[in-house]
S.K.: 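Structure provided below as structure tokens; questions to follow.
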Amino acid sequence: MASTGFNARVYDVVKRIPRGCVATYGQVAALAGAPRSARFVGFALHANQEPGVVPCHRVVFRDGSLAPGFAFGGPDEQRRLLEEEGVRFIPPAEADKDNAGASGWKVDLARCQWRA
DNA sequence: ACGATGACTATGG
DNA sequence: CCCATAGCCATCG
């Protein structure tokens with residue numbers, strides 16, 4: 001596959017995310033060489049969402065939420081999956097009444113955001 | 001081959 | 001505070 005360099009670069013970065021950590025689209029995009037192309041990061045994952053190859057569930061919004069409607073299996077599944085990896089989650093009551101997509105749960109980016 | 005759209009993010013009104 | 005716009009590259013019609 002590896003349709004294009006950018007695409008492959010995104011996979012390379014996402015696959016490098018350590019277990020128990022998450023990265024934002026902008027973060028992956030920046031590491032991929034396109035700090036202004038966070039949208040294409042999701043596009044790359046969508047076009048290649050290969051379970052077991054690219055942990056797209058470790059890629060979250062800048063707010064720490066996921067893509068509502070495009071989650072691999074559902075927001076509840078994603079929350080449970082990240083929790084199992086050791087990712088810390090914040091309930092909507094403690095985070096913000098804002099809608100976070102994943103049942104209102106957001107990842108504790110302050111503690112679990114991956115840093116290159 | 002061209003045009004439009006898309007898993008985002010930041011800024012402006 | 002909420003809506004609209006701008007920027008990026010790739011994929012689809």
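Fair warning: this is a prediction, and the values are worked out from it, not measured in the lab. Note on naming: letters A, B, ... go to the chains in the order of the sequence lines (proteins, then strands), and numbering restarts at 1 for each one.
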S.K.: To the nearest Å, give me how far apart CD (E50(A)) and C1' (dA7(B)) are.
M.R.: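 One finds 16 Å between C1' of dA7(B) and CD of E50(A), rounded.
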
S.K.: Output the single nucleotide from dA7(B), dC9(C), dC8(B) whose closest atom is nearest the side chain of S37(A).
M.R.: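 Per side-chain heavy atoms of S37(A), the pick is dC9(C).
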
S.K.: Parallel, tilted or perpendicular for F6(A) and F40(A), by the 30°/60° rule?
M.R.: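 Because their plane-to-plane angle is over 60°, the rings of F6(A) and F40(A) count as perpendicular.
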
S.K.: May I ask you to decide if the ring planes of F70(A) and H46(A) are parallel, tilted or perpendicular, using 30° and 60° as cut-offs?
M.R.: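 Correct class here is perpendicular.
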
S.K.: The side chain of F40(A) is closest to which nucleotide in this list: dC9(C), dA7(B), dG7(C)?
M.R.: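 In terms of side-chain proximity for F40(A), the closest of dC9(C), dA7(B), dG7(C) is dC9(C).
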
S.K.: Provide, to the nearest angstrom, the distance between the CG atom belonging to L66(A) and the P atom belonging to dT9(B).
M.R.: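 Rounded to the whole Å, the gap is 11 Å.
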
S.K.: Write down the distance between CG (L109(A)) and P (dT9(B)), rounded to a whole number of angstrom.
M.R.: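 Roughly 10 Å, once rounded to whole Å.
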
S.K.: Please give the distance between the P atoms of dA4(C) and dT5(B) as a whole number of Å.
M.R.: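 Looking at atom P only, dA4(C) and dT5(B) are 16 Å apart.
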
S.K.: Taking only the side-chain heavy atoms of F6(A) (C-beta and beyond), determine which of dC8(C), dT9(B), dA10(C) contains the nearest atom.
M.R.: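 Taking heavy atoms from C-beta onward, the closest nucleotide is dA10(C).
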
S.K.: Send over the distance from R36(A) CZ to dA10(B) P, rounded to a whole Å.
M.R.: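 That distance rounds to 10 Å.
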
S.K.: Considering Watson-Crick and G-U wobble pairs with both distances under 3.5 Å, what does dG3(B) pair with?
M.R.: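 Looking at the geometry, dG3(B) pairs with dC12(C).
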
S.K.: Do R111(A) side-chain atoms and R88(A) backbone N/O form a donor-acceptor pair below 3.5 Å?
M.R.: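 No, because the side chain of R111(A) does not come within donor-acceptor range (under 3.5 Å) of the backbone of R88(A).
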
S.K.: Under 3.5 Å, side chain of E85(A) to main-chain N/O of R19(A), donor-acceptor pair present?
M.R.: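 Judged by distance alone, no pair lies under 3.5 Å.
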
S.K.: Is the distance from OP1 or OP2 of dT11(C) to the nearest side-chain N or O of N7(A) less than 4.0 Å?
M.R.: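 Answer yes for this pair, as a side-chain N or O of N7(A) is under 4.0 Å from OP1 or OP2.
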
S.K.: Rounding to an integer number of Å, can you tell me how far F70(A) CZ sits from dC8(B) C1'?
M.R.: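 Taking atom C1' of dC8(B) as the reference, CZ of F70(A) is at 13 Å.
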
S.K.: P atom, dT5(C) versus dA4(B): distance in rounded Å?
M.R.: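 Those two atoms are separated by 16 Å.
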
S.K.: Rounded to whole angstrom units, what separation is found between the CZ atom of R39(A) and the C1' atom of dT11(C)?
M.R.: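 It is 13 Å, rounded to the nearest whole Å.
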
S.K.: Which nucleotide, dC8(B), dT11(C), dC8(C), lies nearest any side-chain atom of F43(A)?
M.R.: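 Within the option list, the nearest is dT11(C).
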
S.K.: R9(A) CZ to dC8(C) P: how many Å, rounded?
M.R.: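 After rounding, the gap between these two atoms is 18 Å.
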
S.K.: In whole Å, I'd like the distance from the CG atom of L31(A) to the P atom of dC8(C).
M.R.: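 For the pair L31(A) CG and dC8(C) P, the rounded distance is 19 Å.
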
S.K.: Of the listed nucleotides (dT11(C), dA7(B), dT9(B)), which one gets closest to any side-chain atom of T4(A)?
M.R.: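 Nearest to the side chain of T4(A) among the choices is dT11(C).
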
S.K.: Using a strict cut-off of less than 4.0 Å between a Lys/Arg side-chain nitrogen and an Asp/Glu carboxylate oxygen, indicate whether R80(A) and E77(A) qualify as a salt bridge.
M.R.: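 Yes.
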
S.K.: OP1, OP2 of dA10(B) versus side-chain N and O of R62(A): anything below 4.0 Å?
M.R.: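 Yes.
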
